[in-house]
Amino acid sequence: MYIKEHILSSLRDVLTGLGIDSPDIEILRPRDPSHGDLSTNVAMVYSKKLGRKPHDFANELIRKMEVNEDYISAVKTAGSGFINFFISDDYYRDSIEKIDRNFGRLEINSGKRANVEWVSANPTGPLHTGHGRQIALGKAIANLLEWTGYEVTREYYYNDAGRQMERLAESVYARYRQIIEPDYKFPEDAYHGDYVKEIALEIFNEYDDRLIDSDNEIFRKKAEDWCFRSIRNTLDRMGVIHNVFFNESSLYSSGKIEQVLESFAEKNLSYEKDGAIWLKTSVLLGNKKDAQDKVIVKSTGEPTYRLPDMAYHVDKIKRGYDLIIDIFGSDHGDTYKEVLAGVKGLGYDVSNIRVIIHQMVTFVSNGQPVKMSKRSDNVYYLDDLLDDVGEDVAQFFFVMRSPNTHLEFDISLAKEQSEKNPVFYLQYAHARICGILRNAENTLGDFLKAEADTSRLNNAEEIQLMKTLAYFPEIVESSYTTLEPHRIITYLNEVAENFHRFYHNHRVLDPDDKELSQARLKLCKATKIVLANGFEIIGIRAPERM
RNA sequence: GCGCCCGUAGCUCAACUGGAUAGAGCGUCUGACUACGGAUCAGAAGGUUGAGGGUUCGACUCCUUCCGGGCGUGCCA
């Protein structure tokens, strides 16, 4: 039984007894410990409607409430009308007994299916640092959904047709040609990245000059393969594994694009002008000021990206997910609204689609902006960043902040293998516990197997740590409802801080008091599990040694 | 011009989505083990939450007007 549920239902009983139908009750955690462990403002919310003074009403509620006195040691009212609940230490002692590998896993979404689509870079080059935040964020969010019970499909949407890929093929061909004829002119609008030369060289090594008169097709295919290998390799390093790669071109071959187009025409939501087909986005978006219609088929006959995007979302909706998540950078901030409005216009329910827009990242080192690593092509590739700071640090830094604020990624701090680096503070707490566990057998011997007596955990640091551990599931839940995994990090920081303080003040392994040692070991193990579970969600390793 | 996001300590950011005295890390200053890993711990200084107005028991949070920054803005994705 979670104590919060207990208080909630008890309050609900009293309020409905007073004639308030399905009362909206909020229970929160006061930051000032003198206000108790949990607190509610219901008296303030409802006293006005009932014409009562908040404080008097609060007192009445307390008198009528039935609470479990084993777990709730006191209920008090504050002058302003808050009701504060003081939870007994025994509740927390019992709760750490229940901490196992699955602690924090929720069942609120059991049996439901979610689809998370992210990264979705077209295969025109290696991933660069601009992709990093999205990769890390999507990874953490997908994990988070799984922790709430969802069965998650991780999806990657890409387009390997179209003009971009042609340009890439031409670029590779030009570099290939330059190997044979150094004076061959490289097109202005081509891809200038060094990787284009690498691809060309690989082709040259395989075919020598035999492809000099070939069409672009073989270059396009080779380039695509190379780029996807590169992308998947980088994703693999980041610990990201997509289980669906959705090719945009399948939307054409299956006729889904055509269907969407016809449907818009039937519903009178599109029209022709200047040889192009326009979607009435101004209407779909509610005729807001300056709203404008958008082209969905260019005068050349090619669709713009919006059209396949809409067909793609229709496809996802039809696949029957309970939750669909799209993750985009802020540079796509406007277009998703048009896409969703279009899908809605087609008559589909878009209410279970949630779009996460994350802001851009700037990389700084020693206070100076960083644009590139050591490359000649002026691009900071993600692989280089991972080489520079490591996978865990990169993952952590990208997820550390709320998605809708601009992120400053401090490379010099990230590189630092010291106490300044916030990742190590957390991982060190875990490694430290592992160190204690390694020593435990020596100190405790057979005593290790004995049942721990948690009533020996009495001092302030132990109790504070137990309290913090106990509300991990609530943090998972609030992270989930806001889809903000950085909340997990904020919480883990508190866990680590409480643990380090406890460790510093009390010796865990004491040969002269094996019972106490055993109890403290129990607390250490619980802490280790919570840290490891939190790390798993945000996507970093739980090191045994550092 | 318009749309979205942001503005909180010297710097980078939190703040349980409207709660009580706005909190961390870095930086600065001062301290702590002959002990399980000092990548640790204790303390100090640092704030008119960009500015004004409004909503209410209560505002960093909601509304409004400004100021400042990022991203986007009718046939690139």
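Per chain, numbering begins at 1; letters A, B, ... match sequence-line order.
- With P as the reference atom, G7(B) and U12(B) are 12 Å apart, rounded to whole Å.
- Using a 4.0 Å heavy-atom cutoff across all strands shown, Ser402(A) reaches sugar-phosphate atoms only and no base atom.
- Leu407(A) comes within contact range of the sugar-phosphate backbone alone, with a heavy-atom separation under 4.0 Å but no base atom that close.
- You'll find that the side chain of Met546(A) is closest to A39(B), out of A39(B), C41(B), G74(B).
- Toward the 5' end of RNA chain B, the nearer of the two residues Gln417(A) and Thr335(A), judged by each one's closest nucleotide, is Gln417(A).
- Distances were taken from every side-chain heavy atom of Met360(A) (C-beta onward) to each of U73(B), U17(B), C71(B); the shortest belongs to C71(B).
- Within the 4.0 angstrom heavy-atom criterion, only backbone atoms of the sugar-phosphate kind lie near Arg432(A); the bases stay farther away.
- Nucleic acid contact for Tyr503(A): base, since at least one base atom lies under 4.0 Å from a heavy atom of the residue.
- Under 4.0 angstrom from either OP1 or OP2 of A20(B) there lies no side-chain N or O belonging to Lys76(A).
- Contact annotation: Lys298(A) reaches the phosphate of C76(B) (side-chain N/O to OP1 or OP2, under 4.0 Å).
- Mapping Gln164(A) and Ser418(A) onto RNA chain B by nearest heavy atom places Ser418(A) at the nucleotide closer to the 5' end.
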Original post:
Using Watson-Crick and G-U wobble pairs with both distances under 3.5 Å, what is the 5'-to-3' dot-bracket string of RNA chain B, with [ ] for crossing pairs and | for pairs outside the strand?
Top reply: (((((((..((((.....[...)))).(((((.......))))).....(((((..]....))))))))))))....

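- Across all strands shown, Asp334(A) has heavy atoms under 4.0 Å from base atoms, whether or not it also approaches the sugar-phosphate.
- Considering only side-chain N and O atoms, His486(A) lies under 4.0 angstrom from the phosphate OP1 or OP2 of A15(B).
- The side chain of Trp278(A) lies closest to C75(B) when the candidates are G38(B), C75(B), A20(B).
- Salt-bridge annotation for Lys316(A) and Asp326(A): present, with a side-chain N of the basic residue lying under 4.0 Å from a carboxylate O of the acidic one.
- The separation of A14(B) from A22(B), taken at their C1' atoms, amounts to 10 Å, rounded to a whole angstrom.
- When the nucleotides C6(B), C75(B), U12(B) are ranked by their closest atom to the side chain of Arg401(A), U12(B) comes out on top.
- In the interface, the side chain of Asp293(A) is not paired with the base of G74(B) through any donor and acceptor atom under 3.5 Å apart.
- Taking the ring axis of Tyr471(A) as reference, the NZ or CZ atom of Arg29(A) stays within 45° of it and closer than 6.0 Å to the ring centre.
- Using a 4.0 Å heavy-atom criterion, one finds that Asp32(A) contacts the bases of the nucleic acid, with or without backbone contacts as well.
- Residue contacts for Asn84(A): at a heavy-atom cut-off of 4.0 Å it reaches a base atom on one of the strands shown.
- Within the 4.0 angstrom heavy-atom criterion, base atoms lie near Ala78(A).
- Contact annotation for Arg163(A): backbone-only contact, meaning every heavy-atom pair under 4.0 Å involves sugar-phosphate atoms and none involves a base.
- If you check every strand for non-hydrogen atoms under 4.0 Å, Thr482(A) touches a base.
- Here Glu338(A) lies out of heavy-atom contact (under 4.0 Å) with every strand.
- Residue contacts for Thr405(A): at a heavy-atom cut-off of 4.0 Å it reaches the sugar-phosphate backbone alone, with no base atom in range.
- U8(B) has its base anti relative to the sugar, with a glycosidic angle deviating from 0 by more than 90°.
- Residue contacts shown for His35(A) include a base, since a base heavy atom lies under 4.0 Å away.
- Closest contact between the side chain of Asp274(A) and the listed nucleotides G74(B), C13(B), C75(B) involves C75(B).
- A donor-acceptor contact under 3.5 angstrom links the side-chain atoms of Tyr305(A) to the base of A77(B).
- In this structure, G46(B) is classed as anti because its glycosidic torsion departs from zero by more than 90°.
- Using a cut-off of 4.0 Å between Lys/Arg side-chain N and Asp/Glu carboxylate O, Arg456(A) and Asp513(A) are scored as salt-bridged.
- Within 4.0 Å (heavy atoms only), His506(A) reaches at least one base atom of the nucleic acid.
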